[in-house]
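To start, the structure itself, in C-alpha cells.
All ligand and atom numbering here is 1-based and tracks the order in the structure.
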Amino acid sequence: MDRIDFLRSELNRHNHLYYVEAAPEIDDYKYDQLMNELMALEKANPDRFDPDSPSQRVGNDINQNFQQVYHRFPMLSLGNTYNKEEIVEFDERVRKALGHSVKYICELKYDGASISLTYEHGRLIHAVTRGDGEKGDDVTANVRTIKSVPLRLPEGNYPDLFEIRGEVLMPRAVFDKLNEEREASGEAPFANPRNAAAGSLKMQNSAQAAKRQLDCWLYFLFADQLPTNSHLQNMECCRQWGFKVPTFVAQCDSIDDILAFINHWDTERRNLPFDIDGIVIKVDSISDQRELGNTAKTPRWAIAYKFKAEQVQTKLLSVSFQVGRTGAVTPVANLEPVQLAGTVVKRATLHNADIIKQHDLHVGDTVMVEKGGEIIPKIVGVNTDLREAGARPVDFIECCPECGTPLVRNEGEAAWYCPNDAACPPQVRGRITHFVSRKAMNIDSLGEETIDQLVSAGLITNAADLYDLTVSKLLPLKKDGRVWATNIVNGIEQSKQIPFEQVLFAIGIRFVGATVAKILARQFGSIQNLMQASFDELKTTDEIGDKIAQSIVDYFAEDGNRLFVNRLVGYGLQFEATRQEAKSAKLEGLTIIASGKLEHFNRDEINRTIEAHGGKPVTSVSSKTDYLIAGENIGPNKLAKARELGIPIITEAEFMQMIADDDAPQAAETQKEKETDKPSDTKPKNDGPTQLSLF
Ligand code: IVH
C-alpha cells in the first residue's frame, strides 16, 4: 500500500468513525491535514484519479439532468394509521395469516426523502429517489457527497449486487441554519426538513448539494441472496459492511412491547436531532414476510404508526380566497404568526365553505392549527369561549375574486367554482401550467413566469395555442431572446412525442389524475374510443367510479373541449396508446439494459419500447442481462461488467434492427443483411465492427 492508498483508507476510516459511529478518533485539524496531503498527492499524480476517493466527496460543478431509473424492486410505501387499535388488528391479522407467534422489529419512521442505493462488488453505483415507486431520479452525484454513505465497502461477505434503502435526512439544526440564510438572502425558506432534504437531492450542482450536510439512515436490504432470514440480523450485517444503520430499534414479542416503544418515542422524539413522524413495525422473519406478501402499494408484513400532528393556538386575522386551475375557490386563513413543529405558520388552508360553516368561524377567533403530514397547516377547531363580542362571521364570497363572475356550486360537492374557465386568468394560466408540467407534457422550457408573460401578451389563451408559437412571435418578448425562444419552440415540438397517457393527464379533465389517465389510456387505447365511451362503459373500468365517469362524459360533451382536443390531434400529439399494447414479442424473455445517451430514445422511451416488444428493461448489468445497448458516453463500469460477464453489447442501431417490423421494406433489408453475419442463436454478434467503434 502506498501513501495515496494509505491516506484514502485512513480518511475513509475517519469519515466512518465521525459520520456513522459518531466516535471520532482525531480532531478536525488532523483530519484536514490528512485530506490536504491526499489532495496534493492526487494532484501530482493525475493517473491515480479515483472517483471513489474521499477527496471527491465535495461534488462538482457539472449541471445534471436527472435520469429516470427503474427500481429493480418497486419502492413500496407503508400502510399507516394514527390509531393504536389498528396496530392491535395488524398483529392479529399477521398472526392469523401465519398461524404462529411472530417477532416484530420496531423502528423509527424517518421523515426525510427515501432513497435506494445499489452496490455492485462493494461500490455504490446508483442512488435513486423513490419517484413514483416504479422509477425515480438518479441522484447518485448528490448522494455521493453524503459522508455517511460509503462509496466503496471494505472487503466483506456482502452479495455482489444488492440494494439498500433508507432515508436521506437533514438534521434540524442544519435546516434552521439553512432557512435563516435563505431568508436573509431573500429566498423562500423550506417548509420542513423533509422538503429541504428532497430539494437538496435534486440540486443541479453536486458541489452545492455537498454543502447541505445531509445524513442517510438505512433500514432495508434487498438482494437475491440475503445473508440471514432475519431483518434485524440483515441490518446488523449492513452495519458491519459500513452502513449507518439505526440503533433505535426494539425486538418486540407482544403488542404491549410495541405500544411501549410507540409511547416512549412519542415524547422522546423531541430529543432527536432529526424529525421522525412515527414508528414502523416490521415482521422480522424474511420467510414470513414473503409468505405475507404485498398488496399493490404496501407490504402486508409492515405498518407505520404515525404520531398525531402537533397543534397550536393562534388568532384568525382574515380569510382570503384563491382560485385554482380548475376554478375551485379555496379559502385560506391568514393567522397571527405562530411557531409550530419547527416552523413559523402564517397561513392555513380552510379547504372549502363547509369547513368555515362547520367551525362557525368569526374574524378574530382563536383557532387550533395543526400540522400533519402535509406541508400546509390546517385549522382543526375554534375556541369559542375566547370569541369577542360583536365578532363578524366569515362570509364565503359570491363572486370570483379574480374575474368577478358569480360562483357556482355543483350538487353534492363541497367546493365553489368560478365557471368562467375560458377567461378567468388564474384558470387559464393554471391549466397551461398543468399542461406543460413534468408528469404531463413535460415542456420544461416553459416556466410559470413565461406562461404568465405569454398569456399577458395575448399570445396564448389555452394550451393548444402553444403549438402555434414560433420563434418570431416570441422574439419581441425578450431582448436578445433567440436562444430562449428557440428552446421554447423546440420543447413544445418535442412534446408531440409524449405518450397518450400523459397527454390525457395534461388536458386536465377534472378528477383525471396521472394514475387514472394511465388506466384510461390502457383501457380505451385512444382518444376516439374515450370520447365515444358512455357513462356505463366508463364505469365498468376498474377504479373508475361515478364521479370520474361523469366528469369525463361532461368534459367531452362540451364543444369547446372537443375543439381543443381536436386541435391537439391536428398538431400531431399522441392520442393513441402504445405503452401497454405489445407491438411484438421479439424481445420476449430478454432482459435488456440501455446505457449512455441514445440518438432516438430518451430513458423512458427506450424502456417502454423494450417492454412493448415483450422484453424487460433493467438498470444494472448482472449475469441475468441478455443485452447491453451502449449509447454515447456509456459509463466504463457498465461496459467492463458486461464484457466480464460475456453479455452482448449492441448499438442502438442493432437494437432497432432487432425490433424492426419484418413487413416493412426497409426492415426486411436489414434483416437480410443481418442473416449473413449472424450466428444461429437470435442474439446479434457482439464483436462486429459496430462493437469496435464503441471503445
Ligand atoms: S420500510 C417495503 N422503514 O416511510 C417497506 N420505511 O410511508 C419499505 N420510512 O417510503 C419501507 N422510516 O420512505 C421503512 N424505518 C423505516 C422507515 C421507512 C421511514 C419511509 C419510507 C417509506 C415511507 C412509507
Side-chain angles (χ1 to χ4, degrees), residues 71-82 86-87 90 94 104-118 127-137 139 143 148 162-171 192-198 201 214-223 226 230-232 234-236 238-239 243-252 258 261-262 264-266 268-269 272-307 309 372-374:
H71 297 294
R72 214 155 69 92
F73 310 93
M75 275 181 95
L76 301 177
S77 59
L78 290 169
N80 63 51
T81 177
Y82 289 91
E86 288 185 26
I87 301 294
F90 164 77
V94 166
Y104 295 103
I105 305 301
C106 288
E107 301 174 358
L108 306 186
K109 187 171 185 311
Y110 299 91
D111 197 8
S114 37
I115 194 85
S116 175
L117 309 176
T118 302
V128 183
T129 62
R130 181 167 187 280
D132 62 5
E134 274 180 54
K135 54 182 184 326
D137 282 319
V139 291
V143 168
S148 50
F162 66 88
E163 239 176 280
I164 185 165
R165 292 185 180 170
E167 211 81 357
V168 170
L169 298 176
M170 181 176 283
N192 52 42
R194 171 170 22 96
N195 283 15
L201 281 182
L214 299 171
D215 202 351
C216 181
W217 291 91
L218 296 150
Y219 48 65
F220 204 72
L221 175 67
F222 269 115
L226 288 170
S230 148
H231 164 67
L232 186 66
N234 288 343
M235 294 323 294
E236 275 313 312
C238 295
R239 187 197 312 286
F243 292 102
K244 189 159 184 172
V245 173
T247 46
F248 324 99
V249 290
Q251 260 187 63
C252 297
I258 297 177
F261 188 85
I262 291 177
H264 171 76
W265 283 106
D266 198 358
E268 200 49 37
R269 66 184 156 130
L272 286 168
F274 48 79
D275 282 355
I276 63 170
D277 60 342
I279 296 298
V280 181
I281 302 135
K282 300 176 180 171
V283 171
D284 184 50
S285 154
I286 305 289
S287 42
D288 284 350
Q289 289 183 2
R290 294 203 175 122
E291 189 173 334
L292 290 162
N294 306 317
T295 68
K297 290 215 171 115
T298 60
R300 291 198 191 86
W301 45 265
I303 192 166
Y305 173 85
K306 299 249 270 185
F307 295 129
E374 314 80 32

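- At the shortest separation from atom 10 (O) of ligand 1 among protein heavy atoms lies Leu76 O, 3.8 Å.
- Atom-to-atom distance recorded for Ser285:OG and Arg290:CZ is 9.5 Å, nearest 0.5 angstrom.
- If you look at Val280 next to ligand 1, the close heavy atoms, those under 4.0 Å, all belong to the side chain.
- Nearest heavy atoms, Tyr110 versus Phe274: CE2-CE1, 3.5 Å.
- The shell of residues lying under 4.0 angstrom from ligand 1, judged by heavy atoms, excludes Asn294.
- For atom 24 (C) of ligand 1, the closest heavy atom belonging to the protein is Leu78 N, 3.3 Å.
- In this structure a side-chain-to-backbone donor-acceptor pair under 3.5 Å is present from Asp132 to Lys135.
- Under a 4.0 Å heavy-atom criterion, Asn80 is not in contact with ligand 1.
- Here the shortest heavy-atom distance to atom 3 (N) of ligand 1, taken over Lys109, Gln289, Lys282, belongs to Lys282.
- Look at Glu163 and Arg165 and you find a salt bridge, because one of the NZ, NE, NH1 or NH2 atoms lies within 4.0 Å of a carboxylate O, short of that distance.
- The line from CG of Leu108 to CD1 of Ile279 is 5.0 Å long, rounded to the nearest 0.5 Å.
- With a heavy-atom cut-off of 4.0 Å, Arg165 does not touch ligand 1 at all.
- For atom 8 (C) of ligand 1, no protein heavy-atom neighbour is present inside the 4.0 Å cut-off.
- Ligand 1 has a nitrogen or oxygen under 3.5 angstrom from a nitrogen or oxygen of Glu167.
- A donor-acceptor pair shorter than 3.5 Å can be found between the side chains of Glu107 and His231.
- Considering each of Trp301, Trp217, Tyr110, Tyr219, the one bringing a non-hydrogen atom nearest atom 18 (C) of ligand 1 is Tyr219.
- The residues Arg194 and Asp275 are annotated as not salt-bridged, no charged nitrogen and carboxylate oxygen being separated by less than 4.0 angstrom.
- Counting protein heavy atoms only, atom 2 (C) of ligand 1 is closest to Pro299 CG, 3.7 Å.
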Which is it for Asn80 and Ile303 under the side-chain contact (heavy atoms from CB on, under 4.5 Å) test, yes or no, and what are the steps along the way? CA-CA 6 Å; Asn80 63 51; Ile303 192 166; 5.7 Å; no

